[in-house]
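For ligands, and for the atoms within them, numbers begin at 1 and follow the listed sequence. Values reported hereafter were calculated over all heavy atoms of this structure, with side chains retained and with hydrogens, waters and symmetry mates removed.
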Amino acid sequence: MTTAQYIEEILASYEFDGNYTGYSQITAGHINCTFALQFELNGKNKQYIAQQINTNVFKTPVELMENMVNVTNHLAEKIRLNGGDTEREALYALIAKDGKPYHIMSDGTFWRCVNFITDAYSCDTIENPQVFFNAGAAFGDFMSKLADFPGETLHETIPDFHNTKQRFKNFLAALESNKSGRKDSVKDEIEFVLQRKEDSEKLVDLIEKGELPIRVTHNDTKINNIMFDNQSNLGLCILDLDTVMPGLSLYDFGDAIRSGAGTAAEDEKDASKMKLNVELYKAYTEGYLSTAGKSLTPKEAENLAFSAKLLTFECGMRFLTDYLDGDVYFHTDYPEHNLVRCRTQFALVKDIEIHMDELNEITAKLYGRYSK
Ligand code: GN1
Ligand code: MG
């Protein structure tokens with residue numbers, strides 16, 4: 001089916017407010033395909049988001065949508081109690097004419113529609129420490145709002161998503177089978193991963209020893225998964241709830257630093273441009289602890305800086321694994337795209353390693369201030 005046919009079937013399957021005027025594609029995101037649908041209602045523009053769920057990645061989309069509905073209901077309730085605006089501060093799945101929060105197309109593909117967050121923006125990179133502080137506060141707040149959500153009711157939409165021990169094994173398997181035949185061209189990157197086996201085990205071991213609390217976490221706190229208010233620049237709404245699952249606070253913290261505190265884009269071709277911006281690290285940490293600090297245990301706080309390194313390493317390792325597998329997981333725009341992404345992530349890992357003592361010091365100071 002063509003995009004136009006998909007949109008046509010979506011329009012026929014939902015009852016949207018207003019007259020349809022057109023659509024545009026939103027290209028951010030490496031997994032799902034996203035479109036903004038435009039309508040005219042009482043002389044004003046109104047938009048909705050339509051999204052095709054990647055069922056190669058999310059094998060159980062009905063369960064995924066059950067998670068999303070339950071999580072967004074829970075968030076909306078909290079926002080209502082705070083006197084907030086549920087239309088702008090939370091996502092919700094639109095209900096199709098058949099009563100379901102999703103639509104299965106006539107060709108079997110899986111789609112959903114959600115509200116469009118108005119008067120807000122998202123960004124792939126951040127330069128302003130105040131905005132990044134706001135992002136940290138918003139992700140900390142997100143976790144706090146879900147602190148009383150029954151985690152055991154959530155389906156695991158991607159098993160072992162941040163299990164870095166398992167990710168390491170998957171990498172070794174990809175290396176072994178070398179499906180793409182690219183193995184010999186990435187010797188340095190392979191070596192980089194092999195040298196960090198111990199890092200990949202650290203948090204998993206702490207979980208097994210019961211030293212880190214399992215919470216309900218977002219698990220994909222990439223900086224473009226947050227909408228900022230146009231006026232205040234505050235983090236308004238958290239997007240992409242597909243991987244909300246039981247996890248570690250550290251996964252959310254680490255991935256936000258990975259995606260927002262680097263000095264270059266994730267797919268910058270000149271990896272030497274990728275460093276850690278320590279000022280941004282500090283801003284995010286302060287924002288995050290300003291809303292989550294009181295609920296974090298000392299063991300979690302102690303591992304925050306390490307998690308920035310680990311989540312960056314994990315992501316680079318996943319890009320490399322996909323490169324070895326022949327680009328079957330992440331959307332890529334050109335043949336070396338996954339390798340380019342892997343290299344920026346490893347450059348960032350290296351720079352985080354260089355700054356590790358300083359980062360631990362900054363974090364400990366801020367935790368001391370915000371945990372009381
Ligand atoms: C994917 O879908 P998107 O672009 O928000 C991936 C994340 C990675 C990220 C790297 C379900 O996120 O885990 O960190 O790419 N999502 C999934 O940019 O695998
Ligand atoms: Mg995502």
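For Phe39 and Phe16, the ring centers sit closer than 6.0 Å to each other. Here the two rings, on Phe253 and Tyr284, have centers that are under 6.0 Å apart.
Relative to the ring axis of Phe171, Arg167 does not place its NZ or CZ within 45° and under 6.0 Å from the centre. Cation-pi geometry between Lys46 and Phe116 is not met at under 6.0 angstrom from the ring centre and within 45 degrees of the axis.
Under 4.0 Å from ligand 1, not a single heavy atom of Asn32 appears. For Phe319, every heavy-atom contact with ligand 1 shorter than 4.0 Å involves the side chain, none the backbone. With a heavy-atom cut-off of 4.0 Å, Lys222 touches ligand 1 through its side chain alone. The residue Gln345 has no part lying near ligand 1, judged by heavy-atom distances below 4.0 Å.
Every atom of ligand 1 is numbered from 1 in the order shown, and the set under 4.0 Å from a heavy atom of Glu266 is 10 (C), 18 (O). Atoms of ligand 1 found under 4.0 Å from any heavy atom of Asn225 (numbered from 1 in listed order, with element): 5 (O). The atoms of ligand 1 that sit less than 4.0 Å from any heavy atom of Phe58 are 11 (C). Atom numbering of ligand 1 starts at 1 in the shown order; those under 4.0 Å from a heavy atom of Arg258 are 10 (C), 14 (O), 18 (O). Close approach to Asp240 involves these atoms of ligand 1, each under 4.0 Å from a residue heavy atom: 2 (O), 5 (O). Short contacts between ligand 1 and Gly29, defined as distances under 4.0 Å to a heavy atom of the residue, involve ligand atoms 4 (O). With ligand atoms numbered from 1 in the order given, ligand 1 contributes 11 (C), 17 (C), 19 (O) to contacts under 4.0 Å with heavy atoms of Tyr329.
Judged by the shortest distance from any of its heavy atoms, Arg318 lies inside the 4.0 Å radius around the atoms of ligand 1.
Here Thr263 contributes atom OG1 and Lys273 contributes atom NZ; the two are 10.0 Å apart, rounded to the nearest 0.5 Å. Note that CD1 of Ile362 is 5.0 Å distant from CD of Glu358, once rounded to the nearest 0.5 Å. Distance CD/Glu336 to CG/Asp327: 8.5 Å, rounded to 0.5 Å. Here CD1 of Ile257 is found 10.0 Å from CG of Asn277. Values are rounded to the nearest 0.5 Å.
Polar contact with ligand 1: present for Asp220 (N/O pair, distance under 3.5 Å).
Using a cut-off of 4.0 Å between Lys/Arg side-chain N and Asp/Glu carboxylate O, Glu201 and Lys165 are scored as not salt-bridged.
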